[in-house]
Every structure is written in C-alpha cells, then in structure tokens.
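Heads up, the thing below is written out as structure tokens.
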Amino acid sequence: KAGVTQTPRYLIKTRGQQVTLSCSPISGHRSVSWYQQTPGQGLQFLFEYFSETQRNKGNFPGRFSGRQFSNSRSEMNVSTLELGDSALYLCASSFRRGQETQYFGPGTRLLVL
Amino acid sequence: AQTVTQSQPEMSVQEAETVTLSCTYDTSENNYYLFWYKQPPSRQMILVIRQEAYKQQNATENRFSVNFQKAAKSFSLKISDSQLGDTAMYFCAFIWSGSEKLVFGKGTKLTVNP
C-alpha cells in the first residue's frame, strides 16, 4: 500500500497570503489528523477529520482550517499568514478513530517571509 | 492535562551498542496507547513501536523493545545493536481513549557513531 502523501513538499509564502496544503491518506484509512512541528513548540495537534467532519480541534486560531473529502483526502488552509506559521506541517492517517496507530506523511515545509 | 516528558534532549551511542531512551507521561486515564516514533533528517515520522496500556507484556519489534512501567508512568525505548541508520529524533507519544490527538514529548536526538 502506498503511504500517506502530502503536497506540496515545500512552500514559500509572504506574510498576509494564504496557503492550502493537501494530504492523501493510506488507502482505506478514514481518519486524518494534522500536526504542526516547530523547533520551539514541538509537535502540536491542529485538527482531526473523520467522515468529512472535523471531530477535534487543537488550540490554534481560526486562521487555521481544514476539510475532508468523500475519498478521505484532506486539505488544510492557513489564511493571513504570519511569520510564526513557518513550520513543518504533518498529516497522519489511521484506519478508524480511537487509539489507532497514526501513520505520518513526509510533511510540508512552509516558510513565511 | 496529559503530558509527555523526554528528559534526554540528546544522546549518542557507538555502533553495535545498546542505548535506552527515557519517557515519562502523566495522565489520569486508564485506557491509552503509547508510541515511539522516529524522525530521521529526511523528516518523515516513522512508527517504531506501540504499547497498549492494558497489556502487561512489553512490546518488541526486532532490535527495538520497550520497558513499560504503568504504575510509574514510564515508557522507555531500548535499541539493541545500534546501527548508523538509527540516527534520528525519537519522539515518545501518547493517545487516550476518546481522543484522537497524539501528545508528543519534545524528542531525543540520537546519534549513532561509527
């Protein structure tokens, strides 16, 4: 089975712009979670989607949003980018909700100038 | 609040030797899972091993094994016969029943020296 894929792998944006990141889960996986990784804050949970519905949200401002499509693919969007949004954004998928092992994609490296 | 603590920011080991990475966690939950993930310089987060809290037997995966002490809330990772390819950041993570979010420790940077 193919693993979790994320596109694009690298992105450079300027402050005030918006960005959309994409994640394709492992085939058959229905739960997709997003994490932000920075040197200062480490790995922080952004949100989780299951059956096209956001089920959980981390402590991030409303500029961070996402959605999930009927084929379980997910996108996350960050509007009005700030310098502090520079990070590695990781997507993870699991077969079901509830203590299932999450498998990670390679991440999207976002740099905000 | 659920927290995960990795007290060793950096460690090094000689090739072929054994190294143990420490992890403690804090939770009032009784039903949870613990994980060790590896993140090499390529940045891909890779699952190393997982442990169900209800299982007393320690999980093992080839050269990787854990020492799970539920009462002490401790979950250490032992890597035997270390290889150069084991060089990476290692993250301890925790997820509990009813939650979908992994809580990660800050990580331990492991360097395997030739």
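A, B, ... follow the sequence lines: proteins, then strands. Residue 1 opens every chain.
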Modelled atom types, side-chain donor and acceptor of [X] and [Y], under 3.5 Å:
X: B:Thr27; Y: B:Trp96; result: no
X: B:Glu17; Y: B:Ser82; result: no
X: B:Gln69; Y: B:Asn67; result: yes

(request) Check each atom of B:Glu52 against the heavy atoms of chain A and say whether the ones under 4.5 Å are side chain, backbone, both or neither. (result)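 Neither the backbone nor the side chain of B:Glu52 comes within 4.5 Å of chain A.
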
(message) Taking side chain as everything from C-beta outward and backbone as N, CA, C, O, which of these in B:Leu102 sits under 4.5 Å from a heavy atom of chain A? Side chain, backbone, both or neither.
(response)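 Contact with chain A is through both the backbone and side chain of B:Leu102.
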
With only heavy atoms counted, which part of [X] is less than 4.5 Å from chain B, the side chain, the backbone, both or neither?
X: A:Arg109; result: side chain
X: A:Tyr35; result: side chain
X: A:Gln41; result: backbone
X: A:Phe104; result: both

Considering all heavy atoms, the nearest [X]-[Y] contact:
X: A:Glu48; Y: A:Ser31; value: OE2-OG, 2.8 Å
X: B:Met11; Y: B:Val19; value: CE-CG2, 3.7 Å
X: A:Ser93; Y: A:Ile26; value: OG-N, 3.4 Å

(message) For the aromatic rings, using the six-membered ring if either is Trp, is the centroid distance between B:Tyr32 and B:Phe94 under 6.0 Å?
(response)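 B:Tyr32 vs B:Phe94: aromatic centres under 6.0 Å.
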
(request) With chain A as the partner chain, list the residues of residues 104-114 of chain B whose heavy atoms fall under 4.5 Å from it, by residue number, and write 'none' if nothing qualifies. (result)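 The stretch touches chain A at B:Phe104, B:Lys106.
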
(request) Could you have a look at A:Gly58, A:Gly105, A:Ser94, A:Gly107 and say which one has the most heavy-atom pairs with chain B under 4.5 angstrom? (result)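 Top option by heavy-atom pairs under 4.5 Å: A:Gly105.
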
(message) Can you classify the ring geometry of A:Phe47 versus A:Tyr49 as parallel (below 30°), tilted (30 to 60°) or perpendicular (above 60°)?
(response)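 Answer is perpendicular, since the angle exceeds 60°.
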
(request) For B:Asp26, enumerate each residue passing the side-chain hydrogen bond (donor to acceptor under 3.5 Å, both in side chains) test, keeping only those at least two apart in sequence or located in another chain. (result)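 So B:Asp26 forms no side-chain hydrogen bond (donor to acceptor under 3.5 Å, both in side chains) with any residue.
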
